[in-house]
Colleague: 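This is the structure, below, for whatever I ask next.
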Amino acid sequence: MTINTNRTICVVTGSRAEYGLLYWLMKEIQESPSLELQVIATGMHLSPEFGETWRQIEQDGFVINRKVEMLLSSDTPVGISKSMGLAMIGFADAFSELNPDITVVLGDRYEIFSAASTAMTARIPIAHIHGGETTEGAVDEAMRHSITKMAHLHFVATGEYRDRVIQLGEDPTRVFNVGGVGIDNIKRLKLLDRKSFEEAIGLRLAKQNLMVTFHPVTLENATAGKQFKALLNVLSDLKDTHFIFTKPNADTDGRIINKLIDEFVSEHMDKAISFASLGQLRYLSAMKYVDGVVGNSSSGLLEAPSFRIGTVNIGDRQRGRICAKSVIDCDPNVDSIQKALVRLYSPEFQESLKQVRNPYGEGGTAEKIAEVLCGFPLDEIIKKQFFDLDVTA
């Protein structure tokens, strides 16, 4: 592949989890003699409520070229729609000033949709990571596929997802199966030993330990509180078990879940702790020591299998995603969650975890993406032809 010099790559990041996935790609771009890194921080990174995680980006040695304010003090559909409007205004100014050669976005969140919409209008080529996936219970589903149609380069996590992006009409020569970007963190980070991890989170681990991350199912109306209460009812009955909660993203009804977490932790301070942001090192170190991940976070499907731990995947938020055999699906009610946890701790299931293979690959993703960003020709890249499948075959 031909290497182009002095190509400017602008990475947009709006949340702690997404930044953790982008970290090694940003490092590859930063250290490449052929690429120049620009960073735009937005969304939850700039919010005190969510830990002002833009500070972590700078502590990691990156320069934030622009901050795009967008979050309102509301997680209602109206509030989020207004946030998206504010974001597009901010991104319009940022892209006009930075004028990158390529904009890199990951995933499906509404702030990323706003960034992609603005970059498309500005005729800046878009590279989209983790397209082609399905999450049938979340509004993110439509956002992700919309970003795919706006994007010009696609970096997907499995062969099936590559097929789906092509099915959406994208040119196969622009769709690259590079694996899950989160695997790089697992392979390249030096995780904390048990004692250091306990000191880092301020909680001693017990005989049994679970990490809990639960997000609202954004295509359902007002279900967040009811579903999460069902989970908490089950957790409160578990014996000799400690809990590490990570709080949800800035989604509709997310604050309802945050309030319930705070109440649960205050009532069970001897065995529960919560974090607005654990950061990648503590988060992945937690996976090294817990028995399983409980909730509906994508990390339970994408990263947890690499640690050969079980995932109790509750409800429909992640419905449609490719899953390892370590994932136990259940309904968002007390009885189903209880049965899933019984299965998680069963000797048969624990034995089966030893043979689990992560369908999202073995790492090396950041290098693969950086190579394409260096060498893919940008002449006429903005103009896309719809790729029709041969339906007669």
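When a residue number appears, it is its place in the shown sequence, counting from 1. Computed over heavy atoms, backbone and side chain alike; hydrogens, waters and symmetry mates excluded.
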Colleague: Does any N or O in the side chain of Tyr161 come within less than 3.5 Å of the main-chain N or O of Arg321, such that one atom is a donor and the other an acceptor?
Modeller: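 It does not hold such a pair.
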
Colleague: Counting heavy atoms not belonging to Arg188, are there more than 12 under 6.0 Å from its CZ?
Modeller: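 Correct, the count exceeds 12.
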
Colleague: Are more than 12 heavy atoms from other residues, nucleotides or ligands located less than 6.0 Å from atom NZ of Lys229?
Modeller: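 No, not enclosed.
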
Colleague: What's the spacing between His128 NE2 and Asp108 CG if we round to 0.5 Å?
Modeller: 7.0 Å

Colleague: Where is the tightest heavy-atom contact between Leu301 and Gln318, given as atom of each residue plus distance?
Modeller: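 Reported closest heavy-atom pair: CD2-CB, 4.0 Å.
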
Colleague: Does Glu36 reach the side chain of Asp101, with side-chain heavy atoms less than 4.5 Å apart?
Modeller: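 Of all side-chain heavy-atom pairs linking Asp101 with Glu36, none is under 4.5 Å.
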
Colleague: With side chains defined as the heavy atoms from C-beta onward, is the minimum distance between Met143 and Met84 less than 4.5 Å?
Modeller: yes

Colleague: Determine the minimum heavy-atom distance between Asn296 and Ile314, stating which atoms define it.
Modeller: CB-O, 3.5 Å

Colleague: For the residue pair Ser236 and His268, confirm or rule out a side-chain donor-acceptor distance under 3.5 Å.
Modeller: no

Colleague: In sequence, state the C-alpha distance, the side-chain angles, and the governing distance for Phe155 and Val181, and then conclude on side-chain contact (heavy atoms from CB on, under 4.5 Å).
Modeller: CA-CA 9 Å; Phe155 299 103; Val181 289; over 6 Å; no

Colleague: Between Ser81 (side chain) and Pro77 (backbone), is there a donor-acceptor pair under 3.5 Å?
Modeller: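 The answer is yes, because a donor-acceptor pair under 3.5 Å joins these two groups.
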
Colleague: Mind running side-chain contact (heavy atoms from CB on, under 4.5 Å) on Arg7 and Ser34 for me, showing each step along the way?
Modeller: CA-CA 6 Å; Arg7 186 172 280 184; Ser34 305; over 6 Å; no

Colleague: Any donor and acceptor pair, going by atom type alone, linking the side chain of Ser32 with main-chain N or O of Ile29 inside 3.5 Å?
Modeller: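 Between the backbone of Ile29 and the side chain of Ser32 there is no qualifying donor-acceptor contact (under 3.5 Å).
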
Colleague: More than 12 heavy atoms of other residues, nucleotides or ligands under 6.0 Å from NZ of Lys288: is that the case?
Modeller: yes

Colleague: Under 3.5 Å, is there a donor-acceptor pair between the side chain of Thr241 and the main chain of Lys239?
Modeller: yes

Colleague: Say whether, by atom type as modelled, one donor and one acceptor occur between the side chain of Arg162 and the main chain of Val175 under 3.5 angstrom.
Modeller: yes

Colleague: In the structure I gave you, are the side-chain heavy atoms of Thr8 and Leu98 within less than 4.5 Å of one another anywhere?
Modeller: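 No. Closest side-chain heavy atoms not under 4.5 Å.
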
Colleague: Is the backbone of Gly364 close enough, under 3.5 Å, to the side chain of Lys187 for a donor and an acceptor to pair up by distance?
Modeller: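 Absent.
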
Colleague: Check the orientation of Phe214 and Phe228. Use parallel for under 30°, tilted for 30 to 60°, and perpendicular for over 60°.
Modeller: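 Answer is tilted, since the angle falls between 30° and 60°.
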
Colleague: Distance from Lys247 atom NZ to Ile261 atom CD1, nearest 0.5 Å?
Modeller: 6.5 Å

Colleague: Taking all heavy atoms of Ala115 and all of Val105, pick out the closest pair and write down the distance.
Modeller: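 Heavy atoms of Ala115 and Val105 come nearest at CB-CG1, 4.5 Å.
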
Colleague: How far apart are the closest heavy atoms of Ala17 and Gln280, and which atoms are they?
Modeller: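 For Ala17 and Gln280, the tightest heavy-atom pair comes out as O-NE2, 4.2 Å.
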
Colleague: So Ile309 and Met287, side-chain contact (heavy atoms from CB on, under 4.5 Å) or not? Walk me through it.
Modeller: CA-CA 8 Å; Ile309 59 173; Met287 284 196 182; 4.2 Å; yes

Colleague: Taking side-chain hydrogen bond (donor to acceptor under 3.5 Å, both in side chains) as the definition, give me every residue that meets it alongside His242, ordered by chain and number, with sequence neighbours left out.
Modeller: none

Colleague: What heavy-atom pair brings Val68 and Thr42 nearest, and what distance separates the two atoms?
Modeller: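 What the structure gives for the nearest pair is O-OG1, 2.7 Å.
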
Colleague: Does Thr148 use its side chain to pair, donor to acceptor, with the backbone of Arg144 at less than 3.5 Å?
Modeller: yes

Colleague: State, to 0.1 Å, how close Ser83 and Met70 come at their nearest heavy-atom pair, and which atoms those are.
Modeller: OG-O, 3.0 Å

Colleague: Here's one to test your reading of the geometry: is the NZ or CZ of Lys325 within 45 degrees of the ring axis of Phe349 and under 6.0 Å from its centre?
Modeller: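 That pair does not qualify as a cation-pi contact.
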
Colleague: Tell me whether Leu168 shares a hydrophobic cluster with Ile166, the cluster being built from Ile, Leu, Val, Met, Phe, Trp, Tyr side chains joined at under 4.5 Å.
Modeller: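 Result: no, two separate clusters.
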
Colleague: Mind running salt bridge (charged side-chain N to carboxylate O under 4.0 Å, His left out) on Glu97 and Arg66 for me, showing each step along the way?
Modeller: CA-CA 9 Å; Glu97 294 167 4; Arg66 293 292 184 276; 2.5 Å; yes

Colleague: What's the spacing between Ile124 CD1 and Leu378 CG if we round to 0.5 Å?
Modeller: 12.0 Å

Colleague: For Glu198, does the CD atom have more than 12 heavy-atom neighbours from other residues, nucleotides or ligands under 6.0 Å away?
Modeller: yes

Colleague: Would you check, one step at a time, whether the test side-chain contact (heavy atoms from CB on, under 4.5 Å) holds for Leu235 with Phe245?
Modeller: CA-CA 12 Å; Leu235 298 182; Phe245 289 90; 4.1 Å; yes

Colleague: Taking atom CD of Glu31 as the centre, report whether more than 12 heavy atoms of other residues, nucleotides or ligands fall under 6.0 Å from it.
Modeller: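 Yes.
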
Colleague: Starting at CG of Asn313, measure out to CZ of Arg319 and round the result to the nearest 0.5 Å.
Modeller: 9.5 Å

Colleague: Looking just at side-chain N and O atoms, do Asn333 and Ser336 make a donor-acceptor pair shorter than 3.5 Å?
Modeller: no

Colleague: Taking side-chain contact (heavy atoms from CB on, under 4.5 Å) as the criterion, tell me which of Lys368, Glu371, His130 meets it with Val178.
Modeller: Lys368

Colleague: Backbone N or O of Lys149 within a donor-acceptor pair of the Lys384 side chain at under 3.5 Å?
Modeller: yes

Colleague: Do the side chains of Leu106 and Leu25 get nearer than 4.5 Å, heavy atoms only?
Modeller: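 Side-chain contact under 4.5 Å: no.
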
Colleague: Please tell me whether Asn185 and Tyr23 have a donor and an acceptor in their side chains that are separated by less than 3.5 angstrom.
Modeller: no

Colleague: Do the side chains of Ser117 and Met88 get nearer than 4.5 Å, heavy atoms only?
Modeller: yes

Colleague: Using only atom types and a distance under 3.5 Å, with no angle test, would you say the side chain of Gln350 pairs donor to acceptor with the backbone of Leu344?
Modeller: yes

Colleague: Return the CD1 to OG1 distance between Ile112 and Thr13, rounded to the nearest 0.5 Å.
Modeller: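 Taking CD1 in Ile112 and OG1 in Thr13, the distance rounds to 6.5 Å.
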
Colleague: I want to check something: taking the side chain as every heavy atom from C-beta on, are Thr134 and Glu141 in contact at a cut-off of under 4.5 Å?
Modeller: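 In short, these two side chains touch, coming nearer than 4.5 Å.
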
Colleague: Check the side chains of Gln56 and Asp60 for a donor-acceptor pair under 3.5 angstrom, ignoring hydrogens and angles.
Modeller: yes

Colleague: Side-chain contact test, heavy atoms from C-beta onward, threshold under 4.5 Å: evaluate it for Pro100 versus Ile9 and give yes or no.
Modeller: no

Colleague: Backbone N or O of Glu18 within a donor-acceptor pair of the Ser15 side chain at under 3.5 Å?
Modeller: yes

Colleague: Here's a test for you: under side-chain contact (heavy atoms from CB on, under 4.5 Å), which of Val265, Asn209, Leu238, Val290 qualifies with Phe243?
Modeller: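 Testing each of Val265, Asn209, Leu238, Val290 against Phe243, the sole residue satisfying side-chain contact (heavy atoms from CB on, under 4.5 Å) is Leu238.
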
Colleague: Is Ser299 close to Tyr283 at the side-chain level, that is, under 4.5 Å between some pair of heavy atoms?
Modeller: yes

Colleague: Say you draw a straight line from CG of Leu302 to CG of Asn358; how long is it, rounded to the nearest 0.5 Å?
Modeller: 7.5 Å

Colleague: So, using side-chain hydrogen bond (donor to acceptor under 3.5 Å, both in side chains) as the criterion, who are the partners of Ser326 when residues are at least two apart?
Modeller: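 Ser326 satisfies side-chain hydrogen bond (donor to acceptor under 3.5 Å, both in side chains) with no other residue.
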
Colleague: Just to verify, what does Gln38 make a side-chain hydrogen bond (donor to acceptor under 3.5 Å, both in side chains) with, not counting sequence neighbours?
Modeller: none

Colleague: Assign the ring pair Phe91 / Phe95 to parallel, tilted or perpendicular, where the plane angle (0 to 90°) is split at 30° and 60°.
Modeller: parallel

